[in-house]
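Each remark here refers to the structure printed beneath this line.
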Amino acid sequence: EVQLQASGGGLVQAGGSLRLSCVASGFNFEQYIIGWFRQAPGKEREGVSCMDGYDGRTVYADSVKGRFTISSDSAKKMVYLQMNSLKPEDTAVYFCAAAGRDYTLSYYLTRSSSYDYWGQGTQVTVSS
């Protein structure tokens, strides 16, 4: 059974940091793209970052570039999202998801519909 579970959210002041974790099970990590998405109230789900589980290549949304870092521990099937210099506009529910490796990495950043599996979200709230 494929499962993804995100954790690590919380309440933090602007300028602070959080690290989200996503544990994956039930599929071959190296054959998938792992993405982080977020959804704020009243807004569409937005791609934050994604990583190719095979070679570790990464891509970021412009809104988080230079502040967020995606990384992985393939042996543990863990994917992390280190979030620094957080802003109130980063407040959202964050999700991790997995998609088969069929297209370019950038394709997956903007197409949440291409993901096959989703974890439950973790709430990130950044106070001003």
Does any non-hydrogen side-chain atom of [Y] lie less than 4.5 Å from one of [X]?
| X | Y | answer |
| --- | --- | --- |
| Ser25 | Lys77 | no |
| Val23 | Gln3 | no |
| Val59 | Tyr108 | no |
| Arg101 | Tyr54 | yes |
| Asn84 | Thr69 | no |
| Ser114 | Tyr107 | yes |
| Asp73 | Tyr80 | yes |
| Leu105 | Cys50 | yes |

side-chain hydrogen bond (donor to acceptor under 3.5 Å, both in side chains) between Gln5 and Ser7, worked out: CA-CA 7 Å; Gln5 186 169 353; Ser7 61; over 6 Å; no
Phe95/Arg45 under side-chain contact (heavy atoms from CB on, under 4.5 Å): CA gap, chis, key distance, verdict: CA-CA 9 Å; Phe95 301 87; Arg45 191 165 293 190; 3.6 Å; yes
Could you tell me which non-hydrogen atom of [X] sits nearest to which non-hydrogen atom of [Y], and how far apart they are?
| X | Y | result |
| --- | --- | --- |
| Ala6 | Gln120 | O-NE2, 2.7 Å |
| Gly56 | Met51 | O-CE, 4.0 Å |
| Gly8 | Leu18 | O-CD2, 3.9 Å |
| Glu46 | Ser63 | OE2-OG, 3.5 Å |
| Ala40 | Thr91 | CB-O, 3.6 Å |
| Thr122 | Gly9 | OG1-N, 3.0 Å |

Residue pair Leu86, Phe68: steps toward the side-chain contact (heavy atoms from CB on, under 4.5 Å) verdict: CA-CA 9 Å; Leu86 282 161; Phe68 290 12; 3.8 Å; yes
Hphob cluster co-occupancy, Val126 + Leu20, side-chain heavy atoms under 4.5 angstrom: yes
ILVMFWY cluster, Trp36 and Val124 together (side-chain gap under 4.5 Å):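 Same hydrophobic cluster.
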Working for side-chain contact (heavy atoms from CB on, under 4.5 Å), residues Leu4 and Trp118: CA-CA 6 Å; Leu4 293 161; Trp118 289 83; 5.6 Å; no
Nearest-0.5 Å distance that lies between atom [atom1] in [X] and atom [atom2] in [Y]:
| X | Y | atom1 | atom2 | value |
| --- | --- | --- | --- | --- |
| Asp90 | Thr125 | CG | OG1 | 11.0 Å |
| Met83 | Ser17 | CE | OG | 8.5 Å |
| Thr58 | Ile33 | OG1 | CD1 | 11.0 Å |
| Lys43 | Glu89 | NZ | CD | 8.0 Å |
| Ile34 | Leu81 | CD1 | CG | 13.0 Å |
| Arg57 | Thr104 | CZ | OG1 | 8.5 Å |

Residues Phe37, Tyr115; criterion ring-ring contact (aromatic ring centres under 6.0 Å, His included); working and verdict: CA-CA 11 Å; Phe37 287 77; Tyr115 286 76; 4.9 Å; yes
Full working for side-chain contact (heavy atoms from CB on, under 4.5 Å) between Ser21 and Met78: CA-CA 7 Å; Ser21 299; Met78 295 287 294; 3.7 Å; yes
Audit row: Phe27, Tyr32, ring-ring contact (aromatic ring centres under 6.0 Å, His included) steps and yes/no: CA-CA 8 Å; Phe27 62 94; Tyr32 281 79; 4.7 Å; yes
Whether Tyr60 side chain and Arg67 backbone form a donor-acceptor pair below 3.5 Å: no
